[in-house]
Amino acid sequence: MFSNLISSTRGIPQNSDVPRHIAVVMDGNGRWARKRLMPRVAGHKRGLDTVRNVVRYCVEAGVGHLTLFAFSSENWRRPQEEVSFLMQLFMQALQDEVAKLHKNNIRLRVIGDLARFDDVLTSTIRQAEQLTAGNTALTLTIAANYGGRWDILNAMNRMLAANPDRHGGFAEEDLTPYLCLADVPEPDLFIRTGGEQRVSNFLLWQLAYTEFYFTDCLWPDFSKSEFEQAIRSYQRRERRFGRTSEQLVESIQNDKQE
Ligand code: IPE
Ligand code: IPE
Ligand code: MG
């Protein structure tokens, strides 16, 4: 079904100078606010400004897909006031931004277990997705109540339900169509702001061969020059996908001759 999308473990994905897909763990909002003696939620508000900017940087750079980790399946463990604020902010952002996204030919999608969100939020999400479904400048995916383990388990359950008579022997290709982001290339670049160097249950399956970039910069401070620094770091990587450097040089030479 998605023949143009090569799995990084089943083939060698196309390598391009500009990442086709960037996945971001937007971390450090709380610390940004605390440093200024402000409540943590003020950091989330400022973080939304950074989201707007980063969407623009991606469109300008020709990045096709941007996936942002907005709320993890573990973030429900936060104080109730902070969780409610984040839900309200999400709802408000959808209401305020969707028309603008649509005007700019940006497709919006939300991944994660929406069952835990209230009905109004869920229907607002679905409407925004429908409105922007045909847009092609950038696919902006927001991961909300998303967890990498949930994604894999959810895909497994759906695969098993679709194949009630099969007992085992499933291949990667049987599972991947049921995973979130099955119809976009795997992330080329993973960015995490805020200084922590961990995945925090983000796209566990999809990050198999992604290049990682960590910065101490807090998300509300993530500027265009920080973004460009991340891209430059990515451009310096040698993406071998299991092969040797020598093989890589050879394949580049062959490509040039063709
Ligand atoms: C990331 O910022 C935003 C969410 C997880 C929603 P944090 O709120 O985790 O900020 P820090 O890590 O406490 O600074
Ligand atoms: C990861 O950040 C989740 C999001 C950015 C939405 P956290 O701040 O929740 O991660 P941990 O708890 O420090 O690993
Ligand atoms: Mg954090």
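Fair warning: this is a prediction, and the values are worked out from it, not measured in the lab. All values below come from the heavy atoms of this structure, side chains included, with hydrogens, waters and symmetry mates left out. First listed ligand is number 1; within each ligand, the first listed atom is number 1.
- In terms of modelled atom types and a separation under 3.5 Å, the side chain of D118 and the main chain of L121 share a donor-acceptor contact.
- The R192 neighbourhood of ligand 2 comprises atoms 2 (O), 10 (O), 11 (P), 13 (O), 14 (O), with distances under 4.0 Å to a heavy atom of that residue.
- Interface atoms of ligand 2 facing V25, defined by a heavy-atom separation under 4.0 Å, are 1 (C), 5 (C).
- Residue D27 counts as close to the Mg ion (ligand 3), with an N, O or S atom under 2.8 Å.
- Contacts of A70 with ligand 1, taken as heavy-atom pairs under 4.0 Å, involve the backbone alone.
- Looking at L218 against ligand 1, nothing comes within 4.0 Å, counting heavy atoms.
- Taking a cut-off of under 4.0 Å to the non-hydrogen atoms of N75, the atoms of ligand 1 that pass are 5 (C).
- Set against the non-hydrogen atoms of D27, the atoms of ligand 2 under 4.0 Å away are 2 (O), 8 (O).
- By the definition of a contact as any protein heavy atom under 4.0 Å away, atom 13 (O) of ligand 2 is in contact.
- Counting atoms of ligand 1 from 1 in the listed order, those under 4.0 Å from a heavy atom of R31 are 11 (P), 12 (O), 14 (O).
- Protein heavy atom at the shortest distance from atom 7 (P) of ligand 2 is R78 NH2, 3.7 Å.
- Under 4.0 Å is where a charged nitrogen must lie from a carboxylate oxygen, and between R52 and E97 at least one such pair does.
- With a 4.0 Å cut-off on non-hydrogen atoms, H44 touches ligand 1 through its side chain and not its backbone.
- By the neighbour-count criterion of 12 heavy atoms within 6.0 Å, atom CZ of R149 is sparsely surrounded, having that number or fewer from other residues, nucleotides or ligands.
- Proximity of E196 to ligand 1, defined as any heavy-atom pair under 4.0 Å, is not found for any part of the residue.
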